[in-house]
Structure formats: C-alpha cells, structure tokens
Protein chains: 2
Amino acid sequence: MAAQRTDPLTLEVVELIGTVVARYHAEYEQAAAEHALTGAQARVLGLLSMEPTPMRRIAQKLRCEPSNVTGIVDRLEARGLVERRPDPADRRVKLAAATQEGRSTARRLRESLEFAREPLAQLTEVERTVLRDLLRRMLGEDPAEPSPGP
Amino acid sequence: MAAQRTDPLTLEVVELIGTVVARYHAEYEQAAAEHALTGAQARVLGLLSMEPTPMRRIAQKLRCEPSNVTGIVDRLEARGLVERRPDPADRRVKLAAATQEGRSTARRLRESLEFAREPLAQLTEVERTVLRDLLRRMLGEDPAEPSPGP
DNA sequence: TATTGTTATACTCTATAACTATA
DNA sequence: TATAGTTATAGAGTATAACAATA
C-alpha cells in the first residue's frame, strides 16, 4: 500500500476534487432531468447512442447487476428512445439500441452539459494542457475502459 | 453564456474529469459498504461527526428534501451511530448528532478512503501544488459552502 | 452444464403532499 | 401565519435469488 498522505496540500487537493465531483454530478443530473431522464437512464442512453449493446454488457459498464438493466431499458423503451433487437449470432442475447429519437435526445443531452464550458473556460489553453497531463498521470494512463459517466 | 468549447483538448479534459468522478464515487461507495453503510448514510454520518446539525440543515447540505433525512437518520439511529437531541433554543428543531460509536465509524470511514493516497501519490509535491491551483481557479474560488461529499 | 435475460422480492433513496407541534 | 420535522405515498435504482430459453 502507498504511504499515507495526510499533509495539508494533499488534503486540500482531495477536497477540491470532492467539490468538482459534486458539481459534475449535480450538473449531470440536472441536464438529465431537463430531458425528463434519471441519471441512470441518461447514462444508458448515452451508451446506446454510440452502439447497440447486449443487456449484460450494459450492466458491466454501469457496474450494476444485469437485473437492474431490464427495468432501465424498459422505461427507455416505453418512451421510444430505445429498442431491443435480437442478436443474429446468439439467440439468448438481446441488443439494446437507441432509436433515432433516442440518439437525438442523447446528442442534446451532451450539448446541454455545461460542465465542459463554465469551469474550464476559466483556464487558458496552456493551463488546460497542464491539467490534462496531471489528470492523465493521476489516473495512471490506462484508458482501456472509458467510464460511461459519473 | 460562455463560449462553447468543443476543441479536442477541452473534450479530453472533460472526459478525464468524468473518469476521476467515476472512480471517486466508486471508492466512496465501496468504503461506505465496508462499514455496512449506504452512500447517503455515510455522507450524513460524516457531516454529523463534525457537529450536531438540525434535520433541515442536513437536507440543505445533501440537496434533498427534508422528508428524506428522516429515514436516513432513522436508520443511523437504529444502529446507534446517531442520536436526536432537542434544540434548547427552538423546540421545533431536532439536532442530529453522531454518537461516540458514530464518530469512530466516521473516522475509520475517512481513513479507508483510498482516493487520497493511490491517485495523488503518483504526483510530486510540485505537481500537486499546480493541480491545486488549477482546480481552485477552475472552481472560481468560492469556498462558501463546502460540499458534504460526492 | 453454463450463459443470457427476465421476474419476483426487498431495501434504500427520492420528491410530493398532508399532518403536528411549535414559533 | 409561518417553520421544523414527520408521515404517507409513489417511483426509481439496487442486490439477491429463482426461472426460461438458448448455447
């Protein structure tokens, strides 16, 4: 285990990150609510707007049990934002896919995410580059499995 | 409204922050679960370990409706981690306060939050200072109301 | 026999509205 | 009358366990 860091500098950075996390979350939930979606529904819709995905795979991306995905996709499907398709290669599998309206909603959702603008607009390009490099190093440069959202 | 920033650099920084947010959240929930607490319970307990707080004030900190706090405090109280006290100054008010066991649990919870160590240990002190200053500027330096957690 | 998705169940969190006891 | 806390209710997310269809 790494050495315990409880110096004031580290503690302040952790607190600042906590504030960023809280603000990011609040804005994500708000953007979802403006489209009458819950956070979980928005995350799944964003995922499916990229490519059709088996139910099981959605659960892995969301880090939740597959049984939960059934309900979330049910609600998105009831609103016509998502549809279930058979997988020609394996008849056990159901592929969840965003409809055209679903993709449109996902796009507007992304655009309404203010987080990209407000806070980062405070920084110059050089500063954003420095921030990017620090975050990369912090996260250990392992972009194997990008997260589906907050 | 600020100018829309959709350049690759900004988009990458937003994605990196999203990854940080996801990891922070996952570790917070995991740390809470190790003490058989939900995320909401852990946040409230952390809050009350600092000082006794009126129910209404807890709701404001959590940004949720006061009626929800009743249930969360109920469950913490049933486990002996929190207690309700009258407010001598206003008999309508109930102050929720962490018990000694509650404070002990909150302290162990804080200590088990790996986030302070793992990711930030990758950075030198100079880098952590730069990161701190960038985050401060990003957040606009308004430490009026520190967030209660993720 | 193992895997995929679903159903059934129970718990927690959430918002809304109505209620009580104070102020 | 206004406020603090609670209760009642309904909806959503979550995990667990059991099930049908398919591999």
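Per chain, numbering begins at 1; letters A, B, ... match sequence-line order.
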If you pin A/Ala89 and A/Arg75 to their nearest nucleotides in DNA chain D, which one's is more 5'?
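Nearest-nucleotide comparison on DNA chain D picks A/Arg75.
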
How many whole angstroms separate atom [atom1] of [X] from atom [atom2] of [N]?
X       : N      : atom1 : atom2 : result
A/Asp74 : D/dG11 : CG    : P     : 15 Å
A/Glu29 : D/dA12 : CD    : C1'   : 12 Å
A/Arg63 : D/dT14 : CZ    : C1'   : 16 Å
B/Leu37 : C/dC13 : CG    : C1'   : 15 Å
A/Gln41 : D/dT14 : CD    : P     : 11 Å
B/Gln30 : D/dA15 : CD    : P     : 13 Å
A/Asp87 : C/dG5  : CG    : P     : 9 Å
B/Gln60 : C/dT14 : CD    : P     : 16 Å

Show your reasoning for whether side-chain hydrogen bond (donor to acceptor under 3.5 Å, both in side chains) applies to B/Arg128 and A/Thr10.
CA-CA 7 Å; B/Arg128 288 200 297 276; A/Thr10 296; 3.1 Å; yes

Non-hydrogen side-chain atoms of B/Asn68 and B/Leu62 separated by less than 4.5 Å:
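No; the side chains remain at least 4.5 Å from each other.
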
Of the options [options], whose atoms approach the side-chain atoms of [X] most closely?
X       : options               : value
A/Arg56 : C/dT4, D/dT14, D/dG5  : C/dT4
B/Met55 : D/dT6, D/dA4, D/dT14  : D/dT6
B/Glu65 : D/dG13, C/dT7, C/dA15 : C/dA15
A/Val93 : C/dT6, C/dT4, D/dT14  : C/dT4
A/Thr70 : D/dA12, C/dT7, D/dT7  : C/dT7
B/Asn68 : D/dG13, C/dT7, C/dA15 : C/dA15

Please determine, by modelled atom types, if A/Arg103 and A/Gln100 share a side-chain donor-acceptor pair under 3.5 angstrom.
no

Distance check: side-chain N/O of [X] vs OP1/OP2 of [N], anything under 4.0 Å?
X       : N      : answer
B/Lys94 : D/dT6  : yes
B/Arg84 : D/dT6  : yes
A/Thr38 : D/dG13 : yes

base_contact_polar (C/dT16 base, B/Ser67 side chain, donor-acceptor, <3.5 Å)
yes

Of the non-hydrogen atoms in B/Met55 and B/Arg84, which two are nearest, and what is the gap between them?
CE-NH2, 3.6 Å

If you assign A/Arg92 and B/Gly39 each to the DNA chain C nucleotide with the nearest heavy atom, which residue ends up on the more 5' nucleotide?
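By nearest-heavy-atom nucleotide position, the 5'-most residue is A/Arg92.
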
Assign A/Arg91 to base, sugar-phosphate, or nothing according to its heavy-atom contacts below 4.0 angstrom with the strands shown.
sugar-phosphate

Applying the 4.5 Å side-chain criterion to the ILVMFWY set and letting contacts propagate, would A/Leu134 and B/Leu120 be lumped into a single cluster?
yes

Should B/Val44 and B/Met50 be counted in the same cluster of Ile, Leu, Val, Met, Phe, Trp and Tyr side chains packed under 4.5 Å apart?
no

